[in-house]
Every structure is written in C-alpha cells, then in structure tokens.
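Within every chain, numbering begins at 1; the chains are lettered A, B, ... in the order of the sequence lines, protein sequences first and strands thereafter.
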There are 2 protein chains.
Amino acid sequence: MKTLNELSNELKKNNIRLTHQRLKVLEYLSNSKNHPTVEQIYNALKKEVPSLSKTTIYNTLKYLAELSLIQVLAIDENEAHFDAATETHGHFKCSTCDKIYDFDIDMDSCETEELDNFEINEKLVYFKGICPRCLSK
Amino acid sequence: MKTLNELSNELKKNNIRLTHQRLKVLEYLSNSKNHPTVEQIYNALKKEVPSLSKTTIYNTLKYLAELSLIQVLAIDENEAHFDAATETHGHFKCSTCDKIYDFDIDMDSCETEELDNFEINEKLVYFKGICPRCLSK
DNA sequence: AACCCTAATTGTAATCATTCTTATTTTGTA
DNA sequence: TACAAAATAAGAATGATTACAATTAGGGTT
C-alpha cells in the first residue's frame, strides 16, 4: 500500500491535480479495509465534504485505476468495489454475508507457458463460497 | 464440457424442464467458443426461434449458473459473458480487441492455507492485457 | 385425446449503477 | 489580480439486468 505522499507524486507525474476531493477519496480508500463501493465512499465523505458528487468519485477512481494505483474489483455482480492494495492478491466473497476477504496467492507458481506471448497487465483472482463465520451458524 | 444429454439429465434431476428455448440456448452455448453475451445469444437464435425473448435467456442462464453447469464471466465491466466449460480455467481479456482467451491454470498449486476454513464453490481467474495478435500490430 | 395444474415464456416496464453533458467553480501560473 | 485549463456538481441519459403480469406450453392423469 502506497502512502498518500507517494500517491500524490504519482498523480502529479501524470498531470492529474490532487484536489481536495481527490485527496479525501484517496484517504478514505487507503484507510478502509473493506473494499468500499462508490456509494459507501460517497456516504462516508458527504458529511465532511457536503458538496461532493458521485461523479467526482467515479472520476477520481477511474484515474487511479488507469494509473494502476488502485484495483477495481468486479467480484460483486452489481456494484464495483475498490481496493487500495495493488500487490496481486486474491479476493473471496462470501455468498451469505457478502463480505469480501483478502487472501495471499502466488500467481507465478501456477502459470502456464500458454500466455508467454501475452502482455499481462492485471491479474484478478476471485473465489466465492461461504466464510467460516457463516459456516458456523 | 458436458454433452447435451448430460446437461438435460442434470436439469431433470433439479426439476427444471428442458424446454425448446432452453435447449437452444444450451446448444448454442455448448457449441460456441467465444464466451457469448446475452445479446449475442439472442441475435444468433432469434432467426431460428423468432418468439425468443431475452428474459428467457437470462432466466435459463441463471438456472444453469446456479447448478454450476455454466460459468458467468465478469471480466468485461459492462456485460456478462457465459462459458459452457466448467472446469476451472483462466480467462484473458485483451484490452485492445476485447477478445477473451481461455488458458489452463493449476489453482491447487498456488493456494494458501489461509482459506482452509472457507467453503470454496467457485474460482475465477481473470487476466487483462494485450494479446499477441494486437501486440504485433 | 381432453383436462388440469403448474411452470415457462413473452413483452413491457422498472431498476439502478455508471456515464455523459453542461454550466459553474477551482486551480496553477504569470 | 486575471487568465486559461482542468475539475466539480447536478441532473439527464444510457444500458444491462430484473420485476411483473398476462398468456402459453408441458407433463401427468383419467
């Protein structure tokens, strides 16, 4: 996970201004552990930044994703989730409680040579099932 | 990949009728290699089954997915793709031409014990980047 | 074969996340 | 302070998917 300073520098390098709104979105995402949606970011920040619009959040997240500074998770079929951690890792979604868990995964050890001539920019691993908490109920 | 007969039996076992429309959707999906969307299935079948509605296709695919007889791919951000192959394998989407490639992957060799107490029902692996064909242009 | 009951199909309307548009505001710079 | 470029905000538009209600088809029984 990058620090806010590092993120800020990355943005500057790409001629993207670190505005007040963008800083708040970045801050919130960096501090959150639960892969928030746009809706959740919006609800969390609108007290602090009453003028904030969802368009700005979408906009900010789009830039960050294009620069690979955040990950967009499509594990949930009807809403995108966002993750400030950019190291390759897996995501497990519990079908019962909908919670998304992180887990480590070593992609290099299971790759085939089939993709030798492909340029790979992003690796996403999604598991679905039931989490221990829900299993024990 | 299962045969149509096997699929038909699986449906019967779960009290889901193999109607004319469902048979056609199954047939089309089983024979197609390119992970079609609902739109593509609809366009391909409406000549043969003029009364076919998209709702029926959505409906059929939902049942098949619930029974794990097909895979739903969320690799494309705005439209779901469907795959008749149910063995765990990876999908690579080219960001340039949007083509989706299959590739083999050995998930067991890269799993951690972190998920030992989780019930895992589905494993999805999505890679994104540029395919050789587009790279060579 | 006719009947019945249930499930499936169809077409349309509703939903809802995301994107587009445009006017206004803010930012960085001179 | 003033200017030009970029960002923001609000609402409208888009488009895939789902919900709904009326009609139709299927399977079992006599």
Can you list, pair by pair, the side-chain donor-acceptor contacts under 3.5 Å of residues 115-131 of chain B, counting residues two or more places apart and other chains?
| residue | atom | partner | partner atom | Å |
| --- | --- | --- | --- | --- |
| Glu119(B) | OE2 | Asn121(B) | ND2 | 3.4 |
| Lys123(B) | NZ | Glu111(B) | OE2 | 2.4 |
| Tyr126(B) | OH | Ala74(B) | N | 2.9 |
| Lys128(B) | NZ | Ile75(B) | O | 3.4 |

Atom-to-atom span, CD of Gln40(A) to P of dC16(C) - whole angstrom
16 Å
In whole angstroms, how far is the C1' atom of dT27(C) from the CG atom of Leu23(A)?
15 Å
Tell me, please, which residues at least two apart from Asp104(B) pass salt bridge (charged side-chain N to carboxylate O under 4.0 Å, His left out).
none
Rounded off to whole Å, could you give me the CG-to-C1' distance for the Leu18(A) and dA6(D) pair?
14 Å
Using a cut-off of strictly less than 4.0 Å, decide whether Ser51(A) has a side-chain nitrogen or oxygen near OP1 or OP2 of dA9(D).
yes
Leu11(A) atom CG is separated from dG28(C) atom P, nearest whole Å, by 13 Å
Using the rule that Ile, Leu, Val, Met, Phe, Trp and Tyr join whenever any side-chain heavy atoms are under 4.5 Å apart, tell me whether Leu18(A) and Tyr58(A) fall into a single cluster.
yes
Set of side chain to side chain contact (heavy atoms under 4.5 Å, CB included) partners for Phe82(B), sequence neighbours left out
Leu29(B), Val38(B), Leu61(B), Ile70(B), Val72(B), Ala80(B)
Between its two end axes (five pairs each) the helix from dA1(C)-dT30(D) to dA30(C)-dT1(D) turns, nearest 10 degrees, through 30°
With the side chain counted from C-beta on, respond yes when Leu26(A) and Thr60(A) share a heavy-atom pair under 4.5 Å apart, and no when they do not.
no
Please report the shortest heavy-atom distance between Cys94(A) and Cys97(A), naming the atom on each side.
SG-N, 3.4 Å
Listing time: all N or O pairs from protein to nucleotides 1-4 of chain D that are below 3.5 Å?
none

For nucleotides 11-19 of chain D, give me every protein contact, N/O to N/O, under 3.5 Å, one pair per line with atom names.
| residue | atom | partner | partner atom | Å |
| --- | --- | --- | --- | --- |
| dG11(D) | O6 | Thr55(A) | OG1 | 3.2 |
| dT17(D) | OP1 | Ala80(B) | N | 3.0 |
| dT17(D) | OP2 | Tyr58(B) | OH | 2.7 |
| dT17(D) | O5' | Tyr58(B) | OH | 3.3 |
| dA19(D) | N6 | Thr55(B) | OG1 | 3.4 |

Does Thr19(B) make a side-chain N or O approach to OP1 or OP2 of dT9(C) shorter than 4.0 Å?
yes
Hits for salt bridge (charged side-chain N to carboxylate O under 4.0 Å, His left out) against Lys54(A), two or more places apart or cross-chain, chain-then-number order -> Glu39(A)
Rounded to whole Å, NE2 of His20(B) lies from P of dT9(C) at a distance of 11 Å
Arg22(B) atom CZ is separated from dA7(C) atom P, nearest whole Å, by 11 Å
Using the test ring pair (Phe, Tyr, Trp, His ring centres under 6.0 Å), find all partners of His35(B) that sit at least two apart in sequence or belong to another chain.
His91(B)
Checking Thr56(B) side chain against Leu52(B) main chain: does a donor-acceptor pair fall under 3.5 Å?
no
Between Leu61(A) (CG) and dA7(D) (P), how many Å, whole number?
15 Å
Thr56(B), nearest nucleotide to its side chain (from dT10(C), dA7(D), dT8(D))
dT10(C)
Just to verify, what does Thr55(B) make a side chain to side chain contact (heavy atoms under 4.5 Å, CB included) with, not counting sequence neighbours?
Ser53(B)
Starting at the 5' end of DNA chain D and moving along, which residue's nearest nucleotide shows up first, Pro50(A) or Tyr63(A)?
Tyr63(A)
Residues at least two apart in sequence or cross-chain that pass ring pair (Phe, Tyr, Trp, His ring centres under 6.0 Å) with His81(B), listed by chain then number, are none
For Tyr42(A) and dA17(C), give me the distance from atom OH to atom P, rounded to whole Å.
13 Å
Between the protein and nucleotides 22-24 of chain C, which nitrogen or oxygen pairs come in under 3.5 angstrom?
none

Is there a side-chain contact between Asp102(A) and Asp83(A) in this structure, where contact means two heavy atoms from C-beta onward sitting under 4.5 Å apart?
yes
I want to check one thing: is the phosphate of dT26(C), taken as OP1 and OP2, less than 4.0 Å away from some side-chain N or O of Gln21(A)?
no
In one Ile/Leu/Val/Met/Phe/Trp/Tyr side-chain cluster, 4.5 Å: Ile16(B), Tyr28(B):
yes
Only pairs at least two apart or in different chains count here, so list each salt bridge (charged side-chain N to carboxylate O under 4.0 Å, His left out) that has a residue in residues 42-52 of chain B.
Lys24(B)-Glu48(B)
